2 protein chains.
Amino acid sequence: MVTIKDVAKKAGVSVMTVSRVINGSKNVKESTREKVLRAIEELGYVPNSVARSLILNKTLTIGLVISDITNPFFTTIARGVEDTAISKHFTVILCNTDEDPEKEMMYAEVLARSKVDGVIYASASGKKAPLKSLFLKKIPIVLIDRTIEGVNDLDIVRGDSVLGAYLLTKHLIDLGHRRIGIIVGSHFISTARDRIEGYKKALNEANIPIDESLIKINENSKFSKEDGYRLTKELLNLENPPTAIFGGNNLMAVGALLAIRERGLEIPEDISLVSFDDIESLSEVYPFLTVVKQPAYTMGVIATEILIRRIENRDKIKEKREILLTPELIIRKSTAPPKRKI
Amino acid sequence: MVTIKDVAKKAGVSVMTVSRVINGSKNVKESTREKVLRAIEELGYVPNSVARSLILNKTLTIGLVISDITNPFFTTIARGVEDTAISKHFTVILCNTDEDPEKEMMYAEVLARSKVDGVIYASASGKKAPLKSLFLKKIPIVLIDRTIEGVNDLDIVRGDSVLGAYLLTKHLIDLGHRRIGIIVGSHFISTARDRIEGYKKALNEANIPIDESLIKINENSKFSKEDGYRLTKELLNLENPPTAIFGGNNLMAVGALLAIRERGLEIPEDISLVSFDDIESLSEVYPFLTVVKQPAYTMGVIATEILIRRIENRDKIKEKREILLTPELIIRKSTAPPKRKI
DNA sequence: ATGAAAGCGCTAACAA
DNA sequence: TTGTTAGCGCTTTCAT
């Protein structure tokens, strides 16, 4: 392996001079710089960032913890993070927790050991514990999408789930629905709780009593298609099934749709369906599902900007920042007035 | 920052003993181990991987270079890579080239400097140049999805694009189509060339003369929705437009679909449409597009397994491996016999 | 403008 | 079983 020493020897200078050339210092004679550059070229020298990181105590790397790299919502966030990070010369380490608290714990530890300069973090457990090693290393964290129980001093960028759920539910109520089922991921996840809250708020406002049997929470914690499918079947099996279903996120809504179809029911004729989060590639080709759409890309961008400002200590503001992004209701074809009169 | 030295002092042992405890060495007395563990706990010590990497000359990190983290095909690959890497205790650095040769160059350099232990690489340029710094550092590379001009000694895992395109084109021919348009990304990308090759092969076999005006290659290199839209419009503007269009990948097919609809044409009544690569979330909800589907997740898994075996030198095989995965034709609703007789 | 020495946090090799 | 020494590749500090 060719190191800075080899370059120095070849160029007939000290390692310090080579270091200066690499880092673009002013204080190098032009002829010396050229000599060094030639040596670098000839030897095929590539600087070693890990040695550099060790001494500088920074890595120009940020960690991104999300729960499913296959979900377009997180993928779009990731794109926003990546684009922004790279524009500021940071690279991103991707961590896919799969909503698994164990993986979350492991990744947080890995990132802390790796000495990433900062972390953008969508919690899988909703708990504080996994953050411990990050806290110990005093690594800046920006929460994204989800809050964490007992954590009040971290920057956070998220969508307004209460509002989004309220808009979606109100839309259904306005169409005449009274029995609206809702399926969400674990109660430990803040977005699940917030979406239920928005849902209840809309019902309360319309003086519709809340029927807890219509609220299906997946205690296995996931927001997956399979869970959406299973919970929707439970809803459809109810003695008095709902006339509309609220999918807690895009994947659950897809699962719900599959379960509804399997029953031979038509959407929206027999039952209405709405979804939190859009799936762009789906809606472009088949603008069917009524959704509330979150500005995922923007979330990624803002989170990264805040994080990098914290890292570089350019942030005058000492207190935590809380950015709440407004979701947008997009009414398509999956919602209609209920058939049955209640 | 608390280091191994602090732990050693607190526990009243040498740093070496602490190191042994951290790394699970057998040769530590149980009582000593406990002392050390207690000190670690009390001080909140988290080992520093960068120091460790410097001396061990390995980082337990692999780089994944793809062109669009927003494209479900690459996203599924990424999932396969991530799942496999983590199971072998590697983390992955995600690099999104956006099909931009400059970004590709920059990322390859960053990965080389970062001393990742290996790289899984979907080329954006189709050129060898960006790999230079990786070669210099002798970092193992596994190519994925795409070959690179003049590179013949690297492991590669890819789908059989020639076969896939052949199957798709033959399906159209069997339906009676004679004028089949094809839109692909840059000629520099091997999959674009291969798909054209498979397309031509099917036409030749059916004795259909090849009309170059039906072959639209996007020389701006991308396989994007916007490009699919634009090239399809060109195809539709032809004096004698095609009765079927072959989208070079999933995103281009979506763009094609949008352009076709904009013209007020019906699929498949007025024109057939097929796509290379599926979009799962779309096809589940709306099983419309006839596609050839590649085993993307498997590609990611295999590439990672090969890479890690190379990294750990457990690979007996010295020669490069070339894994060619077979795509699957899925016939749905977007293809039908042509209306016009030619 | 250039260089020598020290050391970032850790582990390999050897010694005790 | 435990400790000592040296050093991974680089930058900081201070000297020249």
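Nothing here was measured: the structure is a model prediction, and the numbers come from that model. The sequence lines fix the lettering, A, B, ..., with proteins before strands; numbering per chain opens at 1.
Looking at residues 9-37 of chain B, you'll see V13(B), S14(B), M16(B), T17(B), R20(B), N27(B), V28(B), K29(B), T32(B) sit with a heavy atom under 4.0 Å from some atom of DNA chain D. Of all the residues in residues 42-53 of chain A, Y45(A), P47(A), N48(A), A51(A), R52(A) reach under 4.0 Å from DNA chain D with at least one non-hydrogen atom.
A search for salt bridge (charged side-chain N to carboxylate O under 4.0 Å, His left out) contacts involving R20(B) returns nothing, not counting sequence neighbours. Judged as a salt bridge (charged side-chain N to carboxylate O under 4.0 Å, His left out), and not counting sequence neighbours, K128(B) has no contacts. The side-chain hydrogen bond (donor to acceptor under 3.5 Å, both in side chains) test applied to T97(A) returns no partner, not counting sequence neighbours. Applying the salt bridge (charged side-chain N to carboxylate O under 4.0 Å, His left out) criterion to K5(B), with sequence neighbours excluded, gives no partner residue.
A donor-acceptor pair is defined here as one N or O able to donate and one able to accept, closer than 3.5 Å; no such pair exists between the side chain of E322(B) and the backbone of D155(B). Remark: side-chain polar atoms of T76(B) are paired, donor with acceptor, to backbone N or O of P72(B) under 3.5 angstrom.
Screening residues 60-75 of chain A for salt bridge (charged side-chain N to carboxylate O under 4.0 Å, His left out), with sequence neighbours left out, gives D68(A)-R79(B). Pairs engaging residues 37-56 of chain B under the salt bridge (charged side-chain N to carboxylate O under 4.0 Å, His left out) rule: K132(A)-E41(B), K10(B)-E42(B) [sequence neighbours left out].
To the nearest 0.5 angstrom, N313(B) atom CG is 10.0 Å from I311(B) atom CD1.
Look at CE on M1(A): it is 8 Å from P on dC10(D), rounded to the nearest Å. Summarising the geometry, the separation between CG on L54(B) and P on dA6(D) is reported as 18 Å, rounded to the nearest angstrom. Computed from coordinates, the N57(A) CG to dT11(D) C1' distance equals 13 Å when rounded to whole Å. Taking atom CG on L56(B) and atom C1' on dG9(D), their separation rounds to 14 Å, with Å as the unit.
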Identify every side-chain donor-acceptor pair in residues 114-122 of chain B under 3.5 Å, counting partners at least two apart or on other chains, and give the distances.
residue: S114(B); atom: OG; partner: V110(B); partner atom: O; Å: 2.7
residue: K115(B); atom: NZ; partner: N57(B); partner atom: OD1; Å: 2.8
residue: D117(B); atom: OD1; partner: T59(B); partner atom: N; Å: 2.9
residue: D117(B); atom: OD1; partner: T59(B); partner atom: OG1; Å: 3.3
residue: D117(B); atom: OD2; partner: T59(B); partner atom: N; Å: 3.2
residue: D117(B); atom: OD2; partner: L60(B); partner atom: N; Å: 2.5
residue: Y121(B); atom: OH; partner: E104(B); partner atom: OE2; Å: 2.7

In residues 137-150 of chain A, what donor-acceptor pairs under 3.5 Å come from side-chain atoms, sequence neighbours left out?
residue: K137(A); atom: NZ; partner: V46(B); partner atom: O; Å: 2.7
residue: R146(A); atom: NH1; partner: E99(A); partner atom: OE1; Å: 3.0
residue: R146(A); atom: NH1; partner: S123(A); partner atom: O; Å: 2.7
residue: R146(A); atom: NH2; partner: E99(A); partner atom: OE2; Å: 2.9
residue: T147(A); atom: OG1; partner: S190(A); partner atom: OG; Å: 3.3

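Counting 5' to 3', DNA chain C first comes under 4.0 angstrom of a heavy atom of chain A and last does so at the ends given by dA1(C) to dG9(C).
In the helix from dA1(C)-dT16(D) to dA16(C)-dT1(D), the end axes, each obtained as the rotation axis mapping the C1' atoms of four pairs onto the next four within a five-pair block, lie 30° apart to the nearest 10 degrees.
One side chain, D83(A) or Y297(A), offers a donor N or O that lies under 3.5 Å from an acceptor on the other.
R321(B) has no carboxylate O lying under 4.0 Å from a charged side-chain N of E319(B), or vice versa, which leaves the two without a salt bridge.
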